[in-house]
Amino acid sequence: MLHSISRFFVKLVQRYLPDAYLFAILLTFAAFLMAWSLTGKTFMALIKMWGDGLWGILAFAMQMILILVTGHCLASSRPVKKLLSSLASLPKNTSQAVMLTSFVSGLAYYLNWGFGLIVAAFFAREMARKVKNMDYGLVVAAGYSAYVCWHGGISGSIPLSLATKGHVVEKLTGIIPVSQTIFTYWNLIIVWTLILTVPLLMKLMVPHPDEVRVADPEALVDPEEITPPAKHTPATWLENSVAINIIFGLMGVAYIFNFFATNGFNLTLNIVIFIFFIAGVLFHMTPINYVRAMNEAIKGAGGIALQFPLYGGIQGIMVSSGLAVMIANWFISFSTPATFPLFTFLAGGVINMFIPSGGGQWVVQGPINIPAGIALGVDPAKVAMSIAYGDMWTNMIQPFWALPLLGIAKLGVRDIMGYCTITLIWSGIVISLGLLIL
Amino acid sequence: MQKLTRFFLRLVQEYLPDAYILAVILSMIVFVAGIFIAGKTPLQMVQYWGDGYPSLFNFGMQMVMVLLTGYILALTAPLQKALNWITSLPKNPRQAVGLTAATSLIACYFNWGFGLVIGAFVAKAMGARVKGVHFPVLVAAAYGGEVMRGPSSSIPLVSATKGHFMEKIMGIVPVTDTLYTWWNILISVVVFGMLIYYFMRVETPAEEVVEFKAEDPILVKPVPAGTVVRRTFAETLENSWWVNAMFGAVPLVYLVVNFNKLGFDLNLNLVIIIFLVCGLFLHRSPNDYLAAVKAGVVACRGILIQFPIYATMMSMMGKSGLVAIVSAWFVQISTPETFPVFTFLSAGLINFFIPSGGGQWAVQGPIMMQAAETLHANKALTIMAFAWGDSWTNQIQPFWALPLLGVAGLSARDIIGYCVVWTGIVGLVLSGFFLALGFVL
């Protein structure tokens, strides 16, 4: 049964789901046509709203790219790789291996999703090297499945954005500190339930020994490390200078320390980016290593760099034309304060299929659901987190974010999507119940 | 001149680290200077430093967009043809370098964002086509053109805008008094001539010539005609030109509306829109477009990592009072006649640490303009001296070269050696100009 469900989803996604960029275009058209026909704004007015929205989103786009690449850079540093390698020698059999992979990846996603995606890929590969006769697809899927917790973690784009000055719905909600989003008891319960139960779910899916498909040995070979040039010049000395790197890193540590000493434990998007930047700088030991890590990390950022401004345009149309308010009213018409977060979550799950970027989804969905929630008397923080849950939930069947991970693991979407579908069902139940009960 | 160029090339090759490390070292220098010159505590400096980190995110993303959309556009078939045509003109390596410099400079005259991208692609195409040309010279020549600022020069433009932030200090100075005066046009023409002359005379010994190794553009291979491909719904969309073109209509209308309003003032956002529209219409399909994005994003790496670091420097320089202190040194030794030339020099010095022209104007501009007022120096001349000083030392500051180097796949130390000599030439000639003009006007 499980097999046929997962096969169905894989087929559906591969056949009908075009690149996220195309959805950004189609959504622009949809927003345009709806605003034109429903709100009575002129064509030219809508064009102007689109343009204004486009320019309004640039700083946020930069923040999203930086959180991805700084996280990626940290994950590819030697200490992190060593730690993963030694952790990977702990498990004795396949069950333990997939559970540990899922759990460690979950912790990494909780810290930073860009970091987690790379840690999961490295760790799954390391596992496959150490544990004999293990299903490679499953262990990689275990690493990716844990991604279902990220948006409740401390790099969650939506809660961090709410805590940062100038966010998209600041006029409606003001600044909402992370103590009311990430660190509330209901979010902690939901997220940690997921981090702890997804590994068990993975254990249940371990295939029968006859059906195991082990890794292609070629997929486990490390790409060659770039050897530094033999020539020693003052320039290469500077580039490899540990001292410069550490002094620079310590300046950063001093700033971070001072920031928390004066502001309390108040995470914002900018400070999280800064922390990951500095941690990456320190962990890479020499400046040139960080540059090399960056050269790799940037390759995964093309999608966001291109799509974010388009999401900004969509948001501009929807908010300025009044379309967002109309959709919000429609939501209000059939929701009660108790069910609204659940509906928001489900809607978020659907929207995420088209807008895989969490921040991008927030830009589009936030201005709709936040005012609706306020009208119904629901805590905006809870509505925002419901959007966040929706965003992380359907990532299990939307391959956009799996691509960097699959690239490292050298697997295709088909190899992991089946397992992830099961995670989707389980996490859907956990989150829905959590939103209704807590 | 040849000997000097070779000397600086060696020096730079030996001593100049990667641009990221240079940024790190520069920020440490500012940090220490803030403590010893401006008398701030280390903790205060750390505070200024870290607070500045996110301050250029918006500008950084604009640069990413200019570069990315420009890159995407350059990979379209018509643009490749156009580049092919330009590169077929020169008959020898020397002409190739001259033509690259000229193209880049003319493009930079109209808009620097435009020019940087155009210059990079002309240099690359030239390197792929013309045999026996030293590729770093081509790239350096393209970057050399960046010294030119015309109708998109932000400092005189801002000064001419009603309600600008310094209106109380200096009033409004129309561009006819700054950009479009006989002396500024004369300076521009002279710089143009010198650029071509210098770079065409750069000699590279035959054994040291490094030709450009052309890589395959990572574009989707065309499907041979006649083959029937069965496509899923998703693939049909991804291969349809119409999807891109229909979407392109949105920014196109936006462009037309705004272009009429803004006339010839090509600001950075309009450049992005122009690149975006052209890229959308000229690529065969969304699939090709996405392949171009994949290739292009790699060139943005320097901007992403280094813009925030330069933002920290700007924050430290401004908030610690370093800019005010350094400016005061120059003001002290000035007379009304020599004030423009000292403005030029001080702007050039501070620009090394605050490469963003607008950012520097915001921090240093008020100080210099206040001084010009007190000294009764020529205001229009001071504005232009500031603007030229700002673009002058960009030549030895890899910050603006990042997009270009990203496209060319070179490191800063490959080109900065040529640029050092070029900076020297420009500095001497422009100092002479502003000194003379200070007495004449």
Side-chain angles (χ1 to χ4, degrees), chain A residues 14-19 21-22 25-26 28-29 32 43-44 47-48 50-51 54-55 58-63 65-66 69 233-236 238-239 241 244-245 247-248 251-252 254-256 258-259 269-270 273-274 277 287-288 290-291 294-295 297-299 301-303 305-306 308-309 313, chain B residues 12-18 20-21 24-25 27-28 31 42-43 45-47 49-51 53-54 57-62 64-65 68 72 232-235 237-238 243-244 246-247 250-251 253-254 257-258 269 272-273 276 286-287 289-290 293-294 296-298 300-301 304-305 307-308 413:
Chain A
Q14 293 221 317
R15 178 147 250 231
Y16 291 103
L17 201 69
D19 193 278
Y21 160 73
L22 280 154
I25 292 184
L26 296 180
T28 309
F29 291 153
F32 218 99
F43 184 76
M44 282 302 167
I47 291 274
K48 189 172 177 304
W50 178 84
L54 184 73
W55 308 126
L58 292 178
F60 190 46
M62 185 80 173
Q63 286 165 331
I65 298 176
L66 279 172
V69 296
T233 62
T236 58
L238 280 175
E239 288 173 350
S241 158
I244 287 183
N245 205 48
I247 294 169
F248 189 67
M251 277 164 68
Y255 178 77
I256 295 163
N258 188 38
F259 179 88
L269 212 40
N270 292 337
I273 293 169
F274 192 76
F277 170 59
I288 199 71
Y290 196 73
V291 173
M294 185 72 189
N295 291 350
I298 186 75
K299 289 179 189 162
L306 175 70
F308 246 89
Chain B
V12 167
Q13 283 283 357
E14 288 267 309
Y15 286 92
L16 187 72
D18 185 272
Y20 160 75
I21 292 132
V24 167
I25 293 172
S27 61
M28 286 176 178
F31 188 86
L43 191 63
M45 288 309 288
V46 163
Q47 193 72 40
W49 173 70
D51 284 347
Y53 188 78
F57 278 177
N58 205 47
F59 180 40
M61 192 64 199
Q62 275 182 317
V64 168
M65 291 291 293
L68 191 60
I72 292 166
T232 63
F233 168 73
E235 282 171 341
L237 274 184
E238 283 168 0
V243 175
N244 262 351
M246 272 165 67
F247 179 63
V250 178
V253 175
Y254 182 80
V257 172
N258 284 280
N269 286 352
I272 297 173
I273 290 281
L276 183 71
N287 246 352
Y289 195 82
L290 288 171
V293 172
K294 214 171 169 181
V297 74
V298 178
C300 303
R301 58 185 186 256
L304 276 177
I305 191 173
F307 262 57
R413 61 174 153 249

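In the text below, chain A, chain B and the rest are named by the order of the sequence lines, each starting its count at 1.
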Roughly how far apart are [X] [atom1] and [Y] [atom2], rounded to 0.5 Å?
X      : Y      : atom1 : atom2 : answer
B:I72  : B:L276 : CD1   : CG    : 7.5 Å
B:F307 : A:M62  : CZ    : CE    : 7.5 Å
A:Q63  : B:M61  : CD    : CE    : 11.0 Å

Measure the shortest side-chain to side-chain distance between B:Y53 and B:F57 over non-hydrogen atoms and say whether it is less than 4.5 angstrom.
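Heavy-atom side-chain distance check passes, below 4.5 Å.
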
Please confirm whether A:F274 and A:F259 have ring centers closer than 6.0 angstrom.
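No, the ring of A:F274 stays outside the 6.0 Å limit from the ring of A:F259, centre to centre.
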
Compute the centroid of each ring, for B:Y289 and then for A:Y21, and state whether the two points are separated by less than 6.0 Å.
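Yes, the ring centres sit under 6.0 Å apart.
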
Heavy-atom proximity to chain B below 4.5 Å, by part of [X]:
X      : answer
A:N295 : both
A:L26  : side chain
A:L22  : side chain
A:L66  : side chain
A:F277 : side chain

Contact part of [X] toward chain A, heavy-atom cut-off under 4.5 Å: side chain, backbone, both or neither?
X      : result
B:L16  : backbone
B:F31  : side chain
B:P251 : both

Among the listed options A:I256, A:L238, A:I25, the residue most often paired with chain B at heavy-atom distances under 4.5 Å
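Highest number of heavy-atom pairs under 4.5 Å: A:I25.
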
For chain B, find which of A:F60, A:W50, A:Y290 contributes the most heavy-atom pairs closer than 4.5 angstrom.
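Result: the option with the highest number of such pairs is A:W50.
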
In terms of heavy-atom pairs under 4.5 Å with chain A, which of [options] leads?
options                : result
B:N244, B:D51, B:I25   : B:D51
B:L43, B:V64, B:V12    : B:L43
B:Q13, B:M65, B:M45    : B:M65
B:L237, B:V297, B:V293 : B:V297

Would a distance-only check, ignoring hydrogens and angles, find a side-chain to backbone donor-acceptor pair under 3.5 Å from A:N270 to B:P54?
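No, because the side chain of A:N270 does not come within donor-acceptor range (under 3.5 Å) of the backbone of B:P54.
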
Mutual orientation of the aromatic rings belonging to B:Y254 and A:W55 [parallel < 30°, tilted 30-60°, perpendicular > 60°]
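Taking A:W55 first and then B:Y254, their aromatic rings sit tilted (interplane angle of 30° to 60°).
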
Is the count of non-hydrogen atoms from other residues, nucleotides or ligands lying under 6.0 Å from A:F29 atom CZ greater than 12?
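It does: A:F29 CZ has more than 12 such atoms within range.
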
